[in-house]
Amino acid sequence: MDQYADQTLHHLLDAVAAQQPAPGGGCTAAWSGALGAGLVEMAASFTLARPKYAGVHRRMADLRKEAKGLRRDLVALGQRDAEVGYEPVLAALRLPEKHPERERRLEEARSQAADAPLAVAEATATVAELAAETARTGSAQLQGDAITGALLAEAATQAAARLVAINLVGRVDDRLGRAAEASRRATAARHEALRVREEVVR
């Protein structure tokens, strides 16, 4: 499969909109999180360029590096989800209802389909936390971009975590708890980022 990241934005959006299983929700969540990470990198870079923020330069350099790694990871996770995400589930669903292997294959495929969204949820929760920190301690002029990054990352986390829950419905699985924890972290980060803006307005 061609790398979606190498396509133009128009082609990528057309692929998402097309009547085909992939790229779908998992890929879109991953790429939304990658955009959020990019905004964190940008805000950190501007902070590093300003002597006024010398006191946080070391932390901003670390934060920018971490965000860059997460951005790359999320692009790769989007590709992985497109390649191995939901197609095995669909293949199992196409089997006759009385096929002796149908239920086993369907359960295994759904379990496998939860892996990429879980990785996305955990990565984007971290992006949301980095964005909130950047909004609070980085350049005030880039605050809106950092907050946007937090909002994108939180939405991506909630979407990916919901996909985990859908794929693992009816199961007792520790991945459900991990997805819920990622959601909690992302929501807390979003609240923190928005509080920064509220404090400025006051």
Side-chain angles (χ1 to χ4, degrees), residues 4-5 9-10 12-13 15-17 23-50 53 56 59-82 116-166 176 178-202:
Y4 284 109
L9 181 58
H10 283 298
L12 180 62
L13 292 174
V16 171
C27 308
T28 305
W31 296 328
S32 297
L35 286 169
L39 288 170
V40 173
E41 290 178 71
M42 180 181 72
S45 293
F46 274 105
T47 303
L48 285 164
R50 292 178 178 153
Y53 296 98
V56 296
R59 175 57 185 156
M60 282 293 145
D62 291 342
L63 192 149
R64 180 175 64 176
K65 181 178 180 181
E66 187 174 358
K68 184 175 183 178
L70 287 164
R71 173 166 57 90
R72 290 175 174 172
D73 290 346
L74 285 162
V75 169
L77 283 167
Q79 186 70 30
R80 173 183 157 195
D81 188 79
L118 177 60
V120 170
E122 292 181 329
T124 51
T126 301
V127 172
E129 290 168 343
L130 296 178
E133 182 178 350
T134 306
R136 180 166 294 281
T137 63
S139 171
Q141 292 181 326
L142 277 295
Q143 202 172 78
D145 300 286
I147 291 171
T148 300
L151 291 168
L152 281 173
E154 196 250 352
T157 305
Q158 300 297 349
R162 181 54 59 93
L163 292 174
V164 174
I166 289 170
L176 291 167
R178 289 169 59 188
E181 173 61 15
S183 294
R184 186 202 64 75
R185 288 171 51 210
T187 297
R190 186 249 300 168
H191 283 308
E192 180 186 349
L194 292 178
R195 274 198 302 271
V196 172
R197 186 59 189 164
E198 290 168 1
E199 289 168 6
V200 171
V201 170
R202 287 199 214 98

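Worth knowing before you read on, the calculation uses all heavy atoms, side chains too, and leaves out hydrogens, waters and symmetry mates. Keep in mind that this is a model prediction, so the values were computed, not measured.
- Nearest heavy atom pair, residue P117 against residue L163, reads CB-CB, 4.0 Å.
- From L39, atom CG reaches atom CG of L142 across 9.5 Å, with rounding to the nearest 0.5 Å.
- Put simply, the side chain of Y53 never gets that close to the backbone of T137: no donor and acceptor are under 3.5 Å apart.
- Across A182 and A121, no two heavy atoms sit closer than the pair CB-O, 3.6 Å.
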Q.
Test side-chain contact (heavy atoms from CB on, under 4.5 Å) on L70 and L130; report intermediate values, then the result.
A. CA-CA 11 Å; L70 287 164; L130 296 178; 3.8 Å; yes
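- Residues G33 and L74 share a closest heavy-atom pair of C-CD1, 3.6 Å.
- Between A43 and T134, the shortest heavy-atom distance links the atoms CB-CG2, 3.5 Å.
- The OG1 atom of T124 lies 11.5 Å from the CG atom of D73; values are rounded to the nearest 0.5 Å.
- Using a 4.0 Å cut-off between charged side-chain N and carboxylate O, E181 and R184 make a salt bridge.
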Q. Step by step, would you call R72 with K68 a side-chain contact (heavy atoms from CB on, under 4.5 Å)?
A. CA-CA 6 Å; R72 290 175 174 172; K68 184 175 183 178; 3.0 Å; yes
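- The closest side-chain heavy-atom distance from V164 to R178 is not below 4.5 Å.
- Nearest heavy-atom pair across L176 and A165 is CD2-CA, 3.8 Å.
- A donor-acceptor pair is defined here as one N or O able to donate and one able to accept, closer than 3.5 Å; such a pair exists between the side chain of Q79 and the backbone of Y4.
- Applying the side-chain hydrogen bond (donor to acceptor under 3.5 Å, both in side chains) test to every pair with at least one member in residues 34-49, sequence neighbours left out, gives these pairs: E41-R71, S45-R64.
- Atom CD of E192 sits about 10.5 Å away from atom CD1 of I147, to the nearest 0.5 Å.
- How far CG of D81 is from SG of C27: 4.0 Å, rounded to the nearest 0.5 Å.
- A side-chain donor-acceptor contact under 3.5 Å links R185 and T126.
- Side-chain atoms of T157 come within 3.5 Å of backbone atoms of A125 as a donor-acceptor pair (strictly under, hydrogens ignored).
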Q: Under the side-chain contact (heavy atoms from CB on, under 4.5 Å) rule, what do L12 and W31 come out as? Steps first, then yes or no, please.
A: CA-CA 11 Å; L12 180 62; W31 296 328; 3.5 Å; yes
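- Across A161 and S183, no two heavy atoms sit closer than the pair CB-OG, 3.2 Å.
- Considering CD of E154 and CD of Q158, their distance stands at 4.5 Å, rounded to 0.5 Å.
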